[in-house]
Amino acid sequence: MITQLSPDAMLVSDLMDQDVVGPDNKEIGEVDDVILDRTGRVVALVIEADEGVGDRTVAVPMSAVQMNAADAATTGSVQGSGQAAGGSAARNSGDMRIVLNIPADQLKSAPEFDEDND
């Protein structure tokens with residue numbers, strides 16, 4: 001049994017509703033959901049984009065996301081490994097910084113995410 005989070009772990013609930021910024025540090029939207037594969041590995045974040053890209057929901061692969069402690073630089077964190085960055089500071093939603101490495105213009109033309117698979 002697990003009785004506490006290890007320093008390299010975080011709760012998915014800490015990601016929910018977190019602000020997402022672009023490479024230019026401008027807000028793009030917020031995390032709406034998390035996509036897991038059948039092994040439980042995080043493969044994508046569903047982002048409700050609204051700032052500068054129109055109201056749309058897109059799913060972006062973890063390789064396009066950096067998650068840092070809020071006071072960390074935008075480089076040198078976990079990129080595309082399917083793991084979240086950082087110790088206890090990164091666990092608190094107020095201390096998390098999610099940077100999307102996709103330009104806002106590319107998000108405007110990205111297909112919308114449809115969770116229903118219809």
- Task: Verify, without hydrogens or angle tests, whether Arg56 (side chain) and Leu107 (backbone) share a donor-acceptor contact under 3.5 angstrom.
- Result: yes
- Message: Could you check whether any side-chain heavy atom of Val58 comes within less than 4.5 Å of a side-chain heavy atom of Gln106, counting everything from C-beta outward?
- Response: no
- Task: Identify, with sequence neighbours excluded, every residue that meets side chain to side chain contact (heavy atoms under 4.5 Å, CB included) alongside Pro61.
- Result: Ser63, Ala64
- Task: Could you pull out all residues at least two apart from Gln4 that satisfy side chain to side chain contact (heavy atoms under 4.5 Å, CB included)?
- Result: none
- Task: Flag the pair Met67 / Leu15 as yes when at least one side-chain heavy-atom distance between them is below 4.5 Å, and no otherwise.
- Result: yes
- Under the side-chain hydrogen bond (donor to acceptor under 3.5 Å, both in side chains) rule, collect the residues that match up with Glu30, sequence neighbours excluded. none
- Do Met62 and Leu45 touch side chain to side chain, with heavy atoms closer than 4.5 Å? yes
- Item | For Ala59, side chain to side chain contact (heavy atoms under 4.5 Å, CB included) partners two or more places apart | Ile35, Val46, Phe113
- Nearest 0.5 Å please: distance from the CG atom of Asp17 over to the CG atom of Asp32. 7.5 Å
- Considering all heavy atoms, the nearest Val43-Leu36 contact: CG2-C, 4.3 Å
- Message: Restricting to side chain to side chain contact (heavy atoms under 4.5 Å, CB included), what partner residues turn up for Thr39, sequence neighbours left out?
- Response: Asp37, Arg41
- Between Glu48 and Thr57, the two heavy atoms sitting closest are OE1-OG1, 2.6 Å
- Query: Between atom CD1 of Ile28 and atom CD1 of Ile102, what is the distance when rounded to the nearest 0.5 Å?
  - Reply: 8.5 Å
- Taking every non-hydrogen atom, the tightest pair across Asn101 and Gln66: ND2-CG, 3.5 Å
